[in-house]
2 protein chains.
Amino acid sequence: MARIKEVAKWAGVSVASVSRVLAGHAGVSEVTRQRVLEAVKALDYRPDLAARRLRSRRTDTIGLIVSDIRNPFFTEISRAVEDVAYQHQMRVILGNADENPEKEALYLDLMRDENVTGVILSPTLPTLAGFRADDYPFPIVLVDRCERETVADAVVLDNVDAAYRLTAHLIEQGHRRNLFFYGTTSATGRQRQEGYTAAMAAHGLEAQVEAVLATVDAARAAATARLNDRPLPDALIASSGLILLGLTEALQEAGLRFPGSIALAGFDDMPWTRLVEPGITVIAQPTYDLGQAAIELLLQRIAQPEKARRRVVLRGELRERGSSAKRGV
Amino acid sequence: MARIKEVAKWAGVSVASVSRVLAGHAGVSEVTRQRVLEAVKALDYRPDLAARRLRSRRTDTIGLIVSDIRNPFFTEISRAVEDVAYQHQMRVILGNADENPEKEALYLDLMRDENVTGVILSPTLPTLAGFRADDYPFPIVLVDRCERETVADAVVLDNVDAAYRLTAHLIEQGHRRNLFFYGTTSATGRQRQEGYTAAMAAHGLEAQVEAVLATVDAARAAATARLNDRPLPDALIASSGLILLGLTEALQEAGLRFPGSIALAGFDDMPWTRLVEPGITVIAQPTYDLGQAAIELLLQRIAQPEKARRRVVLRGELRERGSSAKRGV
DNA sequence: AGGCTTGATGTAAACGATTACAAATTATTT
DNA sequence: AAATAATTTGTAATCGTTTACATCAAGCCT
């Protein structure tokens, strides 16, 4: 394996010149530049990243901490982050925190050990409480989950608005007794619940909410329990994709068809929401865009550490499908 | 930020002793061990990973190269790999090669630059052709895709067997004219096609196969075209989750119900295969186990480079659902 | 008691790059 | 043509560890 020393010797220049050429620094003549490039090619030289990182104190690595990569929402975000990162010759280290604040802290620690250039984080509520980006030795961009106050750069959906529109749509379709299921561990659940409640109130309807763990199983169990209510709710609303899956399973197990027996709607457009007949009405999140925006915001923050905090808010898209069809009178 | 030097001074020992204690090396007395540990805690010392990696020439990092993390199959594999890796204090670098051999080569190059300890790779067919693990400066474990010859450590499904069983099941249910869709870019498609063909032949039936790009869109388009055939096939079989999704969409768009108009079955059990009524019959792959086996195999290979090559073969599980129900005579 | 292991510790040389600084060369100005 | 500025190059220090090797003390054996 060739080292910078040998490249320098081959090209008949000093190691400094080689380093300068490879770093793209100015102040090196065209003739040596060419000679160095030739030597690099001839020897198939690859700079040793460990050495570079040690001396330069830059790792060109960013950390991505999410709850679970298997959640399609985060899968897509991770893909976006990786795409952009690699375009900028940066690496990504992923952490699955499983909605567990301790694991989040653990991974943040690990990111410190790795001396990452920056972190993208989708925090649980406990971590978010009292969170200050300044407490960390690297820039942090929050994604998906963030309280109102601008305590860190963030990229989020307009959750209140999206939930409002989804709920209003159901009401317009004649569904009045709508039961809202939301996850307890993330800030989005709360915000979406707010939007739901506001929409209900705006139409003079009483809000009914059910807080559950943000997992498929918990949602299914909670829904199954509520399906014994009489009269049945007009509609179930899920504040996330995992919960929507749980509700759908519960309805199917209970033998309830939608929208005939009960209407259904929720967040996140997944492959199957179109497929489950007659299609499930959802708010589609611009997931890839969220991830892309997050890393681009992070890269900007890295380039300009003193710039004012920013908060990017994206809008969800209502996709009307059969599951919310008009209620017969 | 504390350095090893300061820890040594605080503890009243040499840097060598500190290093030895932290590396867990033998030959250090209990009293200095304790003193060093105390100092580490007091100064909140974290060894600099770049320096460590430079000097020790070990990165404790493994590379994972798959086609697309958004394919649930690989999402799950990646989660398994990361879980085990972190348990062993190792990092994971992910590469999405998008079924593109050039990108695969690019990521393999990148892994070399990163001086990774090992790589887990799910190669395309072109990369697999003439692939030799020995050509790389790190151990490689193939996952999911691998030709017969043992040219590298590998963890795969028994694809021929699984496809055979799936096809045989359909035939037993009375479906005789079964059309098999498989992806052209991966070795699994071929192997599954073999199993399918063998099962058809064993029952005196003629195989009918359709090779498509392994994407949802390509599968949907190909299926839509074939749905004009008269008479219709008795059943469609998909050789992968993405293709199965495409077929399902095509059937739904064509207004064909299964198993009434046509039966359906395929590979990969996904959240929605249960949900799309009356449920889709699939071969469930032990995805997490595949990933886990792959990294464990890799770790063993790293520990014992000279050990004989190994090939782990896992078995798929047939999950019978409504979509393959008995055909009325 | 003196030589010989054994075990614990310290010293200093790596690892392979980047980069501050000095030196050398060339171009520009007066 | 000398003085000055600008550009290009090289030397050597440095990043923070690990680890080969030397050293030293203590225990054991004859």
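Throughout, protein chains are lettered first and strands after them, A, B, ... in sequence-line order, and every chain is numbered starting at 1.
Between A/Asn96 and A/Arg70 there is no side-chain heavy-atom pair separated by less than 4.5 Å.
No side-chain N or O of B/Gln304 forms a donor-acceptor pair with one of B/Gln300 less than 3.5 Å apart.
Contact annotation for A/Arg20: base contact, defined as any heavy-atom pair under 4.0 Å involving a base atom.
From A/Ile120, atom CD1 reaches atom CG of A/Asp144 across 12.5 Å, with rounding to the nearest 0.5 Å.
Counting to the nearest Å, the C1' atom of C/dT9 and the CZ atom of B/Arg33 are 16 Å from each other. For the pair B/Arg35 CZ and C/dT9 C1', the computed distance is 12 Å after rounding to whole Å. The nearest whole Å value for the distance from the CZ atom in A/Arg53 to the P atom in C/dA17 is 13 Å. Atom-to-atom, CZ of B/Arg58 to C1' of C/dC15 comes out at 14 Å; the value is rounded to the nearest Å. The interatomic distance linking B/Leu54 (CG) with C/dT18 (C1') rounds to 12 Å, in whole Å. Summarising the geometry, the separation between CG on B/Asp48 and C1' on C/dC15 is reported as 13 Å, rounded to the nearest angstrom. Taking atom CG of A/Leu49 as the reference point, atom P of C/dC15 lies 18 Å away to the nearest angstrom. What separates CZ of A/Arg52 from P of C/dA17 is a distance of 9 Å, to the nearest Å.
Minimum atom distance to the side chain of B/Ala16 is reached by C/dG10, of the listed C/dA17, C/dG10, C/dT9. If you check C/dT18, C/dC15, C/dT9 against the side chain of A/Ile4, the one that comes closest is C/dT18. Checking C/dG16, C/dG10, C/dT18 against every side-chain atom of A/Ser19, the shortest atom distance belongs to C/dT18.
Ring geometry for A/Tyr107 versus B/Tyr86: interplanar angle over 60°, hence perpendicular rather than tilted (30 to 60°).
Partner of A/Thr124 under the side chain to side chain donor-acceptor pair (under 3.5 Å) criterion, chosen from A/Glu104, A/Lys103, A/Glu99, A/Glu102: A/Glu104. Screening B/Arg310, B/Arg309, B/Arg301 for a side chain to side chain donor-acceptor pair (under 3.5 Å) involving B/Asp153 leaves a single residue, B/Arg301.
Residue A/Arg58 places its CZ atom among 12 or fewer non-hydrogen atoms of other residues, nucleotides or ligands, all under 6.0 Å distant.
Contact check, B/Ser17 against C/dG10: a side-chain N or O comes under 4.0 Å of OP1 or OP2. For the OP1/OP2 pair of C/dC15 and a distance below 4.0 Å, the side-chain nitrogens and oxygens of B/Ser56 include no atom meeting the criterion. Remark: B/Arg57 is in phosphate contact with C/dG16, judged by side-chain N or O atoms under 4.0 Å from OP1 or OP2.
When DNA chain D is scanned 5' to 3' for any atom under 4.0 Å from a heavy atom of chain A, the first and last hits are D/dT8 to D/dG16.
Between A/Ser29 and B/Leu22, it is A/Ser29 whose nearest contact on DNA chain D lies nearer the 5' terminus. Position along DNA chain C of the nearest nucleotide to B/Val15 versus B/Ala51 favours B/Val15 as the more 5'-ward residue.
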